[in-house]
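Here the structure is a predicted model, which is why all the values come from computation and not from measurement. Any value given below was found using the heavy atoms of this structure, including those in side chains, with hydrogens, waters and symmetry copies removed. Whatever order the structure lists them in is the order used to number ligands and atoms, beginning at 1.
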Amino acid sequence: MIDLRSDTVTLPTLEMMEAINAATLGDDVYVEDPTTIELENLAAQITGKESALLVSSGTMGNLICNLVHCARGTETIMGNQSHTFLYESGAISAYGGIHSHQLKNNKDGSIQIDLIKDAIRTEDVHFPVTSLICLENTHNKCHGFPLKLDYINQVCSLAHDNNIKVHMDGARLFNACAALDISADSIVKNVDSVTFCLSKGLSAPIGSVICGSKDFIAEGRRIRKSLGGGMRQSGIISAAGIVSLNNMINRLKDDHANARHLANSLCTLNGMELNPELVKTNIIYFNFNHPNMSLKDIIAHMRSQGVIFNDYNGKHCRLVTHNDISSNDIEIVIDVFNKLLS
Ligand SMILES: Cc1ncc(COP(=O)(O)O)c(C=O)c1O
């Protein structure tokens, strides 16, 4: 199968399996797992933050960061297309009593600065206190767009002038780095916390990392434990994560080139509503509108030819390139689509 559903389907590389096998282990709840400590130090160094914490998933990372930044009954501003709002089971309100204030995402994943300004609550007994602004980078639902550095810094200035923190859901932070040719520490310099995933384009089997100040991470560690996320010999996970950070970041540009080539090749086919200009990283969205064929038909046909991808609400589709999709696979996908739709 050529699996374009998500970069989460990536399997660990041989080097990861060897690193897992050779990892030195200890009990990480006692902060005694040397491999996890090494991963966390490396993550802190790469993001330019004081400290870092391994967590089981991006969802857990975003939840912990919201729980550390926001007291119960306070409010987080986030995009209406953000992963935290759409796809994290309402965790911040379920477990933190945190009120989400959703604002419209632009096509590029940003939220208009004026909208954010207006959404920040004034002091009034009727209002919740605004504690946090969450940005997503790259933005999954918004074509995998990387946020511009100027924009991130503008949001941070606005937030900090109003005594509000900024969290970045950087599940695909390193895709943003690759797309904009900017280092991770520059992107997250002014945000108060960031979560990035090891288990997406970086191909590790499990894990995300939260980075922030020493005090922030200390509190995050306490909350992680309370959520049942304190892991014991977690070096098994961290060993693969170290390989991710050392060896898998530089190759993300290949995924972006594959996505661009795929988008350029598919956009002229019958029924395809796909704007290749919107493809900046490893995510392609298209709508399918064909006079004689339903999306269900093409998904079934593609599957029969060994190509799978996700669709949403019967019209909207996503293709994601990743380490387990070679440039040869891309040519096969183009060929199968071509035979069906040209
Ligand atoms: C932007 C974004 N944030 C967070 C997550 C959650 O990550 P996880 O699946 O590791 O919980 C995802 C998952 O796809 C994502 O795309």
| said: Using a strict threshold of under 4.0 Å (side-chain N to carboxylate O), is an ion pair present between K189 and D185? | reply: no
| message | Under a 3.5 Å threshold, yes or no: a donor from one side chain and an acceptor from the other, between N287 and H316? | response | yes
| E136 side-chain N/O to N140 backbone N/O, donor-acceptor pair under 3.5 Å | yes
| said: Please output the residues near ligand 1 using a strict heavy-atom distance under 4.0 Å, listed in chain and residue-number order. | reply: S57, G58, T59, N62, H83, E88, E136, N140, D169, A171, R172, K200
| query | Tell me, do I152 and N190 make a side-chain contact under 4.5 Å, heavy atoms counted? | reply | no
| task | Answer yes if the side chains of S234 and T36 hold a donor-acceptor pair under 3.5 Å, and no otherwise. | result | yes
| said: Side chains of D297 and S294 only: does a donor on one sit below 3.5 Å from an acceptor on the other? | reply: yes
